[in-house]
Amino acid sequence: MNTNRLLANLNPEQREAVTLPTGPALVLAGAGSGKTRVLVHRIAWRIETEDTPPQSVLAVTFTNKAAREMRARVLTLVGPRAQSMWLGTFHSMAYRILSRHAREAGLRPDFTILDEDDQRRLIRQLIRERQWDEREFPPALAQWYINQKKDAGMRASQVPDGVGREDRALRDLYQGYEMKLRSLGAADFAELLFCCHDLWQKQPALLESYQARFREILVDEFQDTNTLQYLWFRTLTGTSGNPFVVGDDDQAIYGWRGGRVEHVLRFPKDFEGTRVIRLEQNYRSSGAILSAANALIAHNPSRLGKTLWTASETGERPVYFTADDELEEADYIVTRIQQALSGGQPAGTIAILYRSNAQSRVIEESLVRHEIAYRIYGGVRFFERSEIKDTLAYLRLMTDPENDSAFERVFNVPTRGLGDRTFERVREHARQEGRSLAASALAIAQPKAVSADRSARALRGFLELLADMREAIRPLNLAGQVERVIALSRLAEFYQTDDPLRAETRIESLAELVNAAAGYEPDPEMESTPAEFSGLMAFLGQMALATEPESRPGKSDEIQLMSLHAAKGLEFHTVFITGLEEGLLPHSRATETAGGLEEERRLFYVGITRAERQLYLTRARRRRLHGHYIDTLPSRFLLEIPADQLESGEPRIVTRTARSRVQHRFPNTDPGLPVTIGQRVRHPRFGEGVVLSHEGSGDHCRIHVRFEGSGAKWLLWDQAHLETLES
DNA sequence: AACACCTGTGTTTTT
DNA sequence: CACAGGTGTT
């Protein structure tokens with residue numbers, strides 16, 4: 001076997017890490033030092049040279065996206081037999097394990113995973129049951145409290161006695177929440193790890209079987225692991241596994257979500273004989289960009305200490321530009337982008353980064369005015385959209401008719417004459433009998449002698465609908481089932497009447513869900529129970545842990561817009577970091593907490609180190625915030641980069657008159673298109689708007705329009721009946 | 001149950 | 001300012 005191939009393009013440190021003998025290993029990998037490459041090659045190396053069976057490999061990443069990418073790269077190196085390794089997020093790994101032992105872990109066999117929304121709804125319910133004042137105990141705060149404890153690996157019983165009344169109340173609520181979850185047999189995200197961990201503690205033999213199986217355990221982005229994840233990982237690794245973790249303390253940016261950099265320091269203490277390897281050569285950025293990054297991060301007192309160097313040329317200094325306001329800032333950025341694009345630079349190599357998503361709006365508007373295509377990451381996530389959750393709830397009721405949260409969700413969606421009173425009746429019955437909502441509904445709906453009870457009839461209608469649906473989809477394939485459930489539930493019609501402004505976008509999402517089902521490939525490792533709807537069950541399980549449908553290829557001809565957090569792990573030729581102002585970066589809320597400032601600095605550091613060749617730092621003297629303008633101060637972080645390492649951007653590149661001029665030109669870029677980017681259009685219902693972008697061409701193309709008042713929507717040209725307007 | 005009004009909120013994000 | 005979510009009215 002040609003193993004040299006695996007080492008050919010690695011530097012000595014990378015090679016050392018990849019070829020380390022068994023035993024715990026910690027790789028401190030600076031930004032752009034080939035972290036993922038080391039991880040991927042390590043896996044390949046173990047499989048190819050040590051004859052490690054792929055199924056004894058478990059690799060954990062921070063996001064699904066990173067997992068997909070890593071899997072693809074390992075497969076390229078090792079071939080299809082690597083398919084059998086376990087590679088995914090902490091949560092998806094725990095879910096895989098739990099779904100084989102659900103009952104033993106105290107969960108329903110086909111348990112639901114509650115997302116943030118479901119969780120908040122449950123907590124609100126508990127607060128109301130206790131008749132607490134929701135202003136004194138905001139559900140969001142309680143939720144934050146509970147998740148924080150869970151992320152720290154604490155059950156309610158382990159939370160130390162608080163001093164105040166409020167502390168005790170919150171702890172009590174946490175306890176109530178735990179009981180509620182257990183009675184539902186459901187799990188929230190943290191619970192997946194927690195439950196799995198508890199199960200291992202309860203059943204040492206089971207733990208041993210997993211320890212025996214997973215000989216190689218690798219963790220990416222180790223600096224962002226929270227305590228619960230760390231405990232889970234440490235338990236699974238035990239004393240015999242070979243942990244291989246990769247991280248960068250300078251890129252720890254999830255402290256607010258429980259991430260603890262300290263785990264990096266703790267690792268060598270918990271795992272005796274840990275070999276530490278540092279990767280300090282940066283292959284990504286030019287010398288000038290790297291110097292700025294190094295100068296900035298040197299201001300963080302608590303660091304493991306690591307200085308990145310590069311063999312690349314110095315390149316151009318980062319440019320710093322101060323605009324009068326956020327409009328000018330946006331126009332400056334767009335002007336620079338136009339210059340780059342006209343010089344032949346592909347749009348996909350340019351990124352605009354910001355601290356908070358709200359900042360994107362002004363920039364988007366400027367991009368639209370200048371007819372530049374862009375793609376924005378973040379915002380409302382696919383699986384959090386209400387239409388998706390409604391549909392998933394119906395689907396869940398197909399596989400698990402007694403699922404209370406799904407039942408509650410679609411009880412009166414679409415409206416079918418079932419109001420709060422009926423629901424309370426059902427819930428009360430369920431509480432008394434200890435049955436599920438569906439079973440109680442059935443009992444209540446029984447026709448009593450001569451019953452003209454309207455709600456009982458409506459209830460029967462609902463139950464019959466579910467039963468009919470179950471029959472109707474039985475013989476269909478997965479995509480067909482999803483499609484049929486959407487049709488039979490009449491959700492589309494409901495959205496149309498409920499909120500016509502959003503109906504079109506919502507129906508588009510539903511179509512995308514059907515697509516996701518059509519493209520779904522079952523996890524071969526998952527227990528394939530012969531139960532009916534087992535395919536649907538597996539699909540729902542996977543969807544609960546997903547954020548985006550998989551079929552969304554990024555286009556290379558669009559400018560990339562995203563938050564600094566979302567940019568982690570990515571790289572771009574040209575990067576704009578915007579809003580370098582006190583209060584924004586560092587964020588005002590972050591300066592209050594201990595360590596918050598350091599985390600903000602790391603966030604800026606992450607942003608800087610995304611840039612390969614060109615970096616722009618921009619700021620506005622005054623910025624509109626919550627309605628009115630406030631004067632700003634430059635970010636303190638700017639002063640931490642020596643002035644001679646920055647270039648001053650040309651002021652006033654764009655004038656207001658230039659802005660209004662561009663607004664009136666509409667060159668037709670694509671002759672196949674019925675409209676042009678930037679053109680004004682009128683929709684029979686939504687009114688007037690501006691065309692932002694398009695997909696496809698001809699009469700069947702989809703176009704993206706920002707309407708005045710009702711926001712941006714995707715429309716099908718041949719169905720939307722748009723009227724084009726002269727500007 | 002549907003609609004109009006009101007009020008609070010407004011970081012980052014994954015799962 | 002802009003929007004979501006909740007409350008109150010019909």
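Each chain gets a letter, A, B and so on, in the order its sequence line appears, and its residues count up from 1. Only heavy atoms go into these numbers, but all of them, side chains included; no hydrogens, no water, no symmetry mates.
Of the residues near DNA chain B, A:E599 and A:T415, the one whose nearest nucleotide (by heavy atom distance) lies more toward the 5' end is A:T415. Along DNA chain B, the nucleotide nearest to A:F90 and the one nearest to A:A358 differ in position, and the one closer to the 5' end is contacted by A:A358.
For A:S356, taking side-chain heavy atoms from C-beta onward, the closest of the listed nucleotides B:dA2, C:dC1, B:dT11 is B:dT11. Considering only the side chain of A:R589, B:dT11 comes nearest among B:dA1, B:dT11, B:dT14. When the nucleotides B:dT14, B:dG10, B:dT15 are ranked by their closest atom to the side chain of A:F189, B:dT15 comes out on top. When each of B:dT13, C:dC3, C:dC1 is scored by its nearest atom to the side-chain atoms of A:R361, the top-ranked nucleotide is C:dC3.
Taking the six-membered ring where the residue is Trp, the centroids of A:Y145 and A:Y177 are separated by 6.0 Å or more.
The CZ-C1' distance, from A:R355 to B:dG10, rounds to 13 Å in whole Å. Atom CD of A:Q542 is separated from atom C1' of B:dT15 by 13 Å (rounded to the nearest Å). Atom CG in A:D224 sits about 12 Å away from atom P in B:dT14, given to the nearest Å. Nucleotide B:dG10 holds its P atom 19 Å from the OH atom of A:Y354, rounded to whole Å. Rounding to whole angstrom units, NE2 of residue A:H628 and P of C:dC1 are separated by 9 Å. Atom pair A:K150:NZ and B:dT15:P shows a separation of 18 Å (rounding to whole Å applied). Spacing between atom CZ of A:R385 and atom P of C:dA4 amounts to 13 Å, rounded to whole angstrom units. Summarising the geometry, the separation between CZ on A:R257 and C1' on B:dT12 is reported as 10 Å, rounded to the nearest angstrom.
With a 6.0 Å cutoff to the six-membered ring centre and a 45° limit on the axis angle, A:K568 counts as a cation-pi contact of A:F62. Relative to the six-membered ring of A:F572, A:R610 misses at least one condition, a distance below 6.0 Å or an angle of at most 45° to the axis. Cation-pi contact between A:R375 and A:Y377: present, with separation from the ring centre below 6.0 Å and deviation from the ring axis of at most 45°.
Ring stacking is absent between A:H565 and B:dT13, as the pair misses the limits of under 5.5 Å between centres and under 30 degrees between planes. Here A:Y254 does not count as stacked on B:dT14, because the ring centres are not under 5.5 angstrom apart with planes under 30°.
Look at the P atom in both C:dC3 and B:dT14: the space between them is 22 Å, to the nearest Å.
With a cut-off of 3.5 Å on both Watson-Crick or G-U wobble distances, the partner of C:dG6 is given as B:dC5. If you check B:dT12 for Watson-Crick or wobble pairing at under 3.5 angstrom, you find it has no partner at all.
Residue-level contact check: A:E600 touches neither bases nor backbone, having no heavy atom under 4.0 Å from any strand. Among the atoms of the strands shown, only primed sugar atoms or phosphate atoms (P, OP1, OP2) are found under 4.0 Å from some heavy atom of A:N64. Counting any heavy atom pair closer than 4.0 Å across all strands shown, A:D115 reaches no nucleic acid atom. Residue-level contact check: A:R124 touches the backbone only, with heavy atoms under 4.0 Å from sugar-phosphate atoms and none from bases.
At B:dT14, none of the side-chain N or O atoms of A:N147 fall inside 4.0 Å of OP1 or OP2 (strictly under the cut-off).
For the side chain to side chain contact (heavy atoms under 4.5 Å, CB included) with A:L585, the qualifying choice from A:L638, A:L353, A:T578, A:L564 is A:L564, the only one to do so.
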Take A:D250 and A:R602, measure what salt bridge (charged side-chain N to carboxylate O under 4.0 Å, His left out) needs, and give me the verdict at the end.
CA-CA 6 Å; A:D250 290 331; A:R602 290 192 292 265; over 6 Å; no
